[in-house]
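To find a chain, count down the sequence lines: A is the first, B the second, and so on, and within it residues start at 1. Because the structure is a prediction, the values reported are computed rather than measured.
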2 protein chains.
Amino acid sequence: MPNENSHRGDKLAPAEKARRLKLIIAYDGATFRGWQSQASSDTIQDRLENAFARVAGRKIRVHGAGRTDTGVHALGQCAHADVSATRLTPVVWMNALNASLPPQIRIVACRFVPMSFHARFSARGKIYRYRIATTPTFLPLDVDRAWHVISPLDDDALRAAAALFIGTHDFAGFAANRGQAPESTTRTIRSVRVRRTAGMTVIEFDGDGFLYKMVRLMVGAIICCATGKETIEVVQHRLLRADGSGARLVAPAGGLTLVRVRY
Amino acid sequence: MPNENSHRGDKLAPAEKARRLKLIIAYDGATFRGWQSQASSDTIQDRLENAFARVAGRKIRVHGAGRTDTGVHALGQCAHADVSATRLTPVVWMNALNASLPPQIRIVACRFVPMSFHARFSARGKIYRYRIATTPTFLPLDVDRAWHVISPLDDDALRAAAALFIGTHDFAGFAANRGQAPESTTRTIRSVRVRRTAGMTVIEFDGDGFLYKMVRLMVGAIICCATGKETIEVVQHRLLRADGSGARLVAPAGGLTLVRVRY
């Protein structure tokens, strides 16, 4: 039986030991066209794959924990990539990749993980943060980093609406269609934390997973309740009916940050 | 004796009652080439004067409390401008100006003040804030908004160096020359507050006035002490000698924000 190396014409690379790198990535979403690779190649995944190509001298695919839309930021997006088991340590990889990336994308941590780890399929949950600027004027340093809401926010309504989403629900009423065949739309939200200071309201969602545009649709509904444009009952009904038809408010992307992926 | 209106050929406009507007202005310094008007016309003063011209239909000069360099931000820069005493209220002025300004510049408050008020000469003090990012990696959302310092900061040295500047001193050792004839270089700093959280150190200076690049030179010296590159004694000596010659570290512009002008 011929061994692998005797097949000169086939597509197998010479047996090469691969190792899997787990990356924690922060980015300023205002600069790019979202996470996922596109023809325009101005996405975060494209920039990461370009950086890997420069460091490794060959195309390496980067698998993210999830896509983020244009304008959405990250403090702790997660991804994995398979590299040859050279003598490069994870810290050397991190520094080399960062040197090839624009300052708007940074690898903040990097380590080898078992080949069974998958950034997307191993994820057990995510934490998202949403910032709402409540200053009378939208301050320049909050532009692209918060949603400016001028109407006064009723604190009781805001907190009651936020609490509606805690627990296990069919979130079809708070998801947008990405054009794919619908999978299960049931998700569990462990907590929704609201922190309010002068001029800024921050809502943090911790859940086992989030559907497409789900955080921004929940924030839209919470703010509609807090500004008196919708009642808690209407939002509760949409959650129970699991129906995404009808007018819904999607909070703007700039207010959203992927804080952490839990494994 | 002929009255004013009989002089057809002179440069006086027909007697028109003027009112003085006081403006509080916030801006993202990363977008513009500083405060002061330039041929390139991409400064904050230029943008404000363009907005006034669009609203008033004529050139109106905007007088700032002080110039800020390229990259320096403001939450509460102050300026005044003289407008005709039309029926436009300050709120209408504010909204009309904001509609003609990019989102990176916002008038956050506006009111009529006596003609004796002068944004620069009436100022009794200013508050500046400087942000130092101490995370291992410079996070994308801090880029252009903080100085990234990787070396560990010794808390005692940092606070001792910051305290050196409180009081009345000749700050010639902490000023850059703008090419003008030197005026007095004595200033009084009322307080220097240091706040430290995980990943961010903020130093806030409250003083009766600041020389050119003075805050950034003080921050440079404080950080040199905190990282052990300079001793407190060397910095103290430079302050006592009032001598700006020799190597000095200027903290980068992006970390600096003009918080408020006191009148």
If you measure from CZ on A:Arg106 to CG on B:Leu139, what distance do you get to the nearest 0.5 Å?
10.0 Å

For atom CZ of A:Arg120, is the number of surrounding heavy atoms from other residues, nucleotides or ligands below 6.0 Å larger than 12?
no

Considering only heavy atoms, give the residues of residues 209-224 of chain A separated from chain B by less than 4.5 Å, sorted numerically, with 'none' for an empty result.
none

Answer yes or no: are there more than 12 heavy-atom neighbours, outside B:Asp46 itself, under 6.0 Å from its atom CG?
yes

Quick one: closest heavy-atom pair of B:His73 and A:Leu141, and the distance?
ND1-CD2, 3.8 Å

Specify which of A:Val108, A:Thr257, A:Ile107, A:Leu75 makes the most heavy-atom pairs with chain B at under 4.5 Å.
A:Val108

For residues 89-105 of chain A against chain B, heavy atoms under 4.5 Å, the residues are A:Asn98, A:Pro103, A:Gln104, A:Ile105

Around A:Arg195, counting heavy atoms of other residues, nucleotides and ligands shown, do more than 12 lie under 6.0 Å from its CZ?
yes

Please list, chain by chain and in numerical order, all residues satisfying side-chain hydrogen bond (donor to acceptor under 3.5 Å, both in side chains) with B:Arg47, sequence neighbours excluded.
B:Asp42

Heavy atom to heavy atom, less than 4.5 Å: which residues from residues 23-33 of chain A reach chain B?
A:Ala26, A:Tyr27, A:Asp28

